[in-house]
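Heavy-atom basis, side chains included; hydrogens, waters and symmetry copies ignored. Naming: A, B, ... by sequence-line order, numbering from 1 per chain.
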Protein chains: 2
Amino acid sequence: MSDRVPGVMAPQRYRHLLATAAREFAGHGFEQASLNAVIRACGMSKSSFYHYFGSKEALFDRVVEEASAALARDLAAPVPETLAGADFWNRVEAFMAGALAASAKQAWYADLGRIFYLPDLSAERSAALRRVLAGVEDWLGRVLAAGRSCGAVRDDLPASLQAELVMALLQAMDRWSLVHMPEFDAAALPGLVQRQFAVLRRLLSPDAG
Amino acid sequence: MSDRVPGVMAPQRYRHLLATAAREFAGHGFEQASLNAVIRACGMSKSSFYHYFGSKEALFDRVVEEASAALARDLAAPVPETLAGADFWNRVEAFMAGALAASAKQAWYADLGRIFYLPDLSAERSAALRRVLAGVEDWLGRVLAAGRSCGAVRDDLPASLQAELVMALLQAMDRWSLVHMPEFDAAALPGLVQRQFAVLRRLLSPDAG
DNA sequence: GTGCAGTGGACCGATCGGTCCAAATTCAGA
DNA sequence: TCTGAATTTGGACCGATCGGTCCACTGCAC
């Protein structure tokens with residue numbers, strides 16, 4: 001009956017470990033996160049952990065890999081070049097709405113978000129995180145290029161700067177929402193999200209809208 | 001000849017200690033910063049340090065206090081309400097140019113900047129940092145209010161969100177500049193700074209400019 | 001039985017912030 | 001100039017925590 005496979009953890013313990021680790025890493029960053037705390041919370045002993053993972057870094061990499069893979073699976077990010085056209089901004093908005101809905105559904109995804117843009121310092125240690133960051137950066141860069149190609153995105157600033165600004169704005173909105181959301185009633189929420197999207201659009205659109 | 005005052009460190013040693021600590025805190029955040037590394041770098045022993053400071057936290061507080069006091073002295077931030085008027089944006093731009101010039105002059109100020117917006121986690125420990133953050137937040141809020149009162153700043157988003165977005169943008173520009181500045185020749189620099197300011201203005205101005 | 005995946009837990013060396021005390025240094029009063 | 005108190009210092013030491021190692025013991029499969 002048991003689905004045990006040698007060298008592989010039982011699925012539910014594995015999920016529990018990764019979720020606990022994700023929370024810990026998201027909350028404290030890689031260096032400050034306590035591996036001891038994670039395995040303690042999972043009722044796991046040191047030797048058991050090190051039987052399956054080579055190091056704290058390996059656990060971090062696994063968390064990043066699994067979470068980003070799941071997110072990519074759920075998100076179905078469009079090929080950037082297909083966004084170009086007259087309704088560039090409508091397509092972007094549609095994707096963002098979908099992304100927002102998906103990420104609100106899974107705490108797992110929020111942890112991944114906090115992992116990959118809160119602590120710049122953690123990135124240096126994890127090849128997996130660097131890979132994911134590079135992937136997002138590349139995708140965003142191509143989206144911006146597509147927007148420029150159809151006149152929907154202004155070109156008076158370096159694209160790399162625009163990408164950094166977009167990431168910063170999204171992160172700031174996220175952070176603000178976490179803190180101030182409870183103050184707003186649910187009815188005002190869709191309008192707020194829409195106005196937040198409008199901020200991005202205003203930032204990137206050429207002057208003569 | 002010696003200007004020794006009981007219970008007070010010799011001025012140059014004091015400055016060296018604070019500067020070293022500022023760099024360490026800015027680079028690693030409060031928790032991850034190594035007090036041992038700081039005093040080692042200053043050729044100071046544990047007991048000497050603890051003779052003058054009660055704790056690592058006290059050192060952090062002192063760094064924040066001294067740096068922010070020096071910055072406030074150099075900056076001469078205008079009373080927000082005096083910015084209101086037809087040339088709100090010109091006044092803001094003038095102030096920002098002055099602030100940029102002042103902060104570029106002193107490495108000390110850059111460290112303070114990194115200290116107070118990179119690690120949200122460090123803020124919880126230091127009353128001094130919380131106080132400075134609250135002061136900046138309050139000042140920025142009043143600037144935004146002044147801008148609204150004269151129609152220079154849009155009011156379709158919560159002011160607290162606008163403040164957070166402004167901080168995020170400034171930080172992102174800062175970070176981007178640190179990385180990408182070397183790629184641009186000095187001639188292109190003033191135009192770039194101007195366009196970065198234009199980004200802020202575009203973010204905050206009402207649609208019908 | 002025998003072998004091996006899996007586990008508990010003692011243990012390691014390093015680093016952390018912080019304490020303590022005795023020696024060194026400084027300085028005032030005689 | 002000597003002396004005694006106060007200030008300042010070096011450095012051993014403390015308990016805790018860290019990531020990581022090691023080994024003996026379990027329990028199941030063949």
A.B. asks: Please enumerate all residues that pass side chain to side chain contact (heavy atoms under 4.5 Å, CB included) together with B:Ser149, with sequence neighbours excluded.
C.D. replies: B:Ala84

A.B. asks: In whole Å, I'd like the distance from the CD1 atom of B:Ile39 to the P atom of D:dT8.
C.D. replies: 17 Å

A.B. asks: Without decimals, in angstroms, what is the distance between A:His28 NE2 and D:dT17 P?
C.D. replies: 14 Å

A.B. asks: Restricting to side chain to side chain contact (heavy atoms under 4.5 Å, CB included), what partner residues turn up for A:Leu75, sequence neighbours left out?
C.D. replies: A:Leu71, A:Phe95, A:Ala99, A:Ala102

A.B. asks: Could you tell me which non-hydrogen atom of B:Leu192 sits nearest to which non-hydrogen atom of A:Pro158, and how far apart they are?
C.D. replies: CD1-CD, 4.0 Å

A.B. asks: Can you check the A:Met44 CE to C:dT7 P distance for me, whole Å?
C.D. replies: 7 Å

A.B. asks: Treat a base pair as Watson-Crick or G-U wobble with both distances under 3.5 Å, then lay out DNA chain C in dot-bracket form, 5' to 3', with | for cross-strand pairs.
C.D. replies: ||||||||||||||||||||||||||||||

A.B. asks: Quick one: side chain to side chain contact (heavy atoms under 4.5 Å, CB included) partners of B:Asp111, sequence neighbours excluded?
C.D. replies: B:Ala22, B:Arg23, B:Ala26, B:Arg114

A.B. asks: Mind calculating the distance between OH (A:Tyr14) and P (C:dA5) to the nearest angstrom?
C.D. replies: 19 Å

A.B. asks: Residues in side chain to side chain contact (heavy atoms under 4.5 Å, CB included) with B:Ser48, at least two apart?
C.D. replies: B:Met44, B:Ser45

A.B. asks: Which residues satisfy the salt bridge (charged side-chain N to carboxylate O under 4.0 Å, His left out) test with B:Glu81, sequence neighbours excluded?
C.D. replies: B:Arg142

A.B. asks: Grab the CZ-C1' distance between B:Arg40 and D:dG10 for me, whole Å please.
C.D. replies: 15 Å

A.B. asks: Can you name the atoms? Protein N/O to nucleotides 19-23 of chain D N/O, anything below 3.5 Å, with the distance.
C.D. replies:
unit_1 : atom_1 : unit_2  : atom_2 : d
D:dG19 : OP1    : A:Ala33 : O      : 3.0
D:dG19 : OP1    : A:Leu35 : N      : 3.0
D:dG19 : OP1    : A:Lys56 : NZ     : 3.0
D:dG19 : OP2    : A:Leu35 : N      : 3.2
D:dG19 : OP2    : A:Asn36 : N      : 3.3
D:dG19 : N7     : A:Lys46 : NZ     : 3.4
D:dG20 : OP2    : A:Tyr50 : OH     : 2.7
D:dG20 : OP2    : A:Lys56 : N      : 2.8
D:dG20 : O5'    : A:Tyr50 : OH     : 3.2
D:dG20 : N7     : A:Lys46 : NZ     : 2.5
D:dG20 : O6     : A:Lys46 : NZ     : 2.7

A.B. asks: Applying salt bridge (Lys or Arg N to Asp or Glu O under 4.0 Å), which residue pairs with at least one partner in residues 160-173 of chain B are found, sequence neighbours left out?
C.D. replies: A:Arg175-B:Glu164

A.B. asks: Would you give me the side-chain donor-acceptor pairs under 3.5 Å for residues 194-203 of chain A, sequence neighbours excluded?
C.D. replies:
unit_1   : atom_1 : unit_2   : atom_2 : d
A:Arg195 : NE     : B:Asp156 : O      : 2.5
A:Arg202 : NH1    : B:Leu203 : O      : 3.0

